[in-house]
Each structure stands twice: as C-alpha cells, then as structure tokens.
Amino acid sequence: MEQLEDNTSYMTEFLPLREEEKKVLLQAASIITQQTAIPCTGCSYCTPGCPMRIPIPKVFSLYNEDKREAPTKGWSATALSYRELVRDTGKPGDCIGCGQCEKICPQHLPIIRHLTEAA
C-alpha cells in the first residue's frame, strides 16, 4: 500500500496541460511521425514465426534511422549496424512472403511490403 500511495502521490497537485503545452506536444508528435518511415513499435511478435529468421523490428528500426539521415551526408552509421545484424540472420530481401508475420502483427502493418522497401 505504501508503494501505491507513493506512486499516486504526484496526482495530488495535478494540473492539466495548458493549450500551448498541448500544441507543442502535438507538433513534436507530428515531427516524429513524419520522420518514421515504418511505424513498427518493436514488439517482436513477428520474429519467432519467420521461416527466414529475419529480425524484422530491428531491420525496420535501422531503416527508419537511415531514412532520417541527411542525404547529403554521404554515409550512414546504420550500414555497419545492418551488416552486423544480418550476418547470422535473414536479410529483408530473403522474405518469401509467407505472411506469418502480418497475421500476428498487432498493428496490422504490411510487413512484407515494408521488407521489400527495406531490401
């Protein structure tokens, strides 16, 4: 009970966000959303059933990072990370389109299409 009271004690002086604070949060969320090519949350439900052993959420995470890089930079740290990642697993291009991943994805992402993009 002591932990419960401690955890909820911050609510005793609760103040809702002001309109300008809400506006800033919505702007930040919009920027993050626009910079995310594949909205995967990384739950990894899709990976155990993949017959090609593709680390789908990790591939998507690296893909998103790569898309956020400035194109004029000329290189990306994600390339090295990608090579390390797929050294002992399947690559996005290895996807056979079986659909097991899409059936279990709680976000109903078109994983096969996204793997093709990432490849």
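Owing to the predicted nature of the structure, the values given are computational and were not obtained by experimental measurement.
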Hydrophobic cluster identity match, L109 and I112, side-chain contacts under 4.5 Å: no

Linked, directly or transitively: I104 and I54 (ILVMFWY side chains, under 4.5 Å): no

Between S30 and Q34, do the side chains contain a donor N or O and an acceptor N or O under 3.5 Å apart? yes

To check you understand the geometry: which heavy-atom pair defines the closest contact between K91 and Y82, and what is its length? CB-OH, 3.7 Å

Does one hydrophobic cluster hold both F14 and Y10, with members joined at side-chain heavy-atom distances below 4.5 Å? yes

With heavy-atom distances below 4.5 Å as the criterion, would you say the side chains of P51 and Q100 are in contact? yes

Measure across E21 and R18 and return the closest heavy-atom pair with its distance rounded to 0.1 Å. OE1-N, 2.7 Å

Report yes if some heavy atom in the side chain of R68 is under 4.5 Å from a heavy atom in the side chain of N64; otherwise report no. yes

Is a donor on one side and an acceptor on the other found under 3.5 Å between the side chain of S61 and the backbone of K58? no

Who passes salt bridge (Lys or Arg N to Asp or Glu O under 4.0 Å) against E102, sequence neighbours left out? none

Going through the distances and angles, do E84 and R87 end up as a salt bridge (Lys or Arg N to Asp or Glu O under 4.0 Å)? CA-CA 5 Å; E84 289 292 318; R87 181 182 301 164; 2.5 Å; yes

Taking atom CD of Q3 as the centre, does the number of heavy atoms from other residues, nucleotides or ligands within less than 6.0 Å exceed 12? no

Are the side chains of E19 and K23 in touch, meaning some heavy atoms are under 4.5 Å apart? no

Return a table of donor-acceptor pairs under 3.5 angstrom between the side chains of residues 35-48 and protein atoms on other chains or two or more places apart.
{"residue": "T36", "atom": "OG1", "partner": "I32", "partner atom": "O", "Å": "2.8"}
{"residue": "T41", "atom": "OG1", "partner": "Q107", "partner atom": "OE1", "Å": "2.9"}
{"residue": "T47", "atom": "OG1", "partner": "S44", "partner atom": "O", "Å": "3.0"}

Report the C-alpha distance between R113 and E117 in whole Å, list the side-chain angles of each, state the deciding distance to 0.1 Å, and finish with yes or no for salt bridge (Lys or Arg N to Asp or Glu O under 4.0 Å). CA-CA 6 Å; R113 180 171 56 84; E117 294 167 13; 2.8 Å; yes

Distance (rounded to the nearest 0.5 Å) between K22 NZ and E20 CD: 10.5 Å

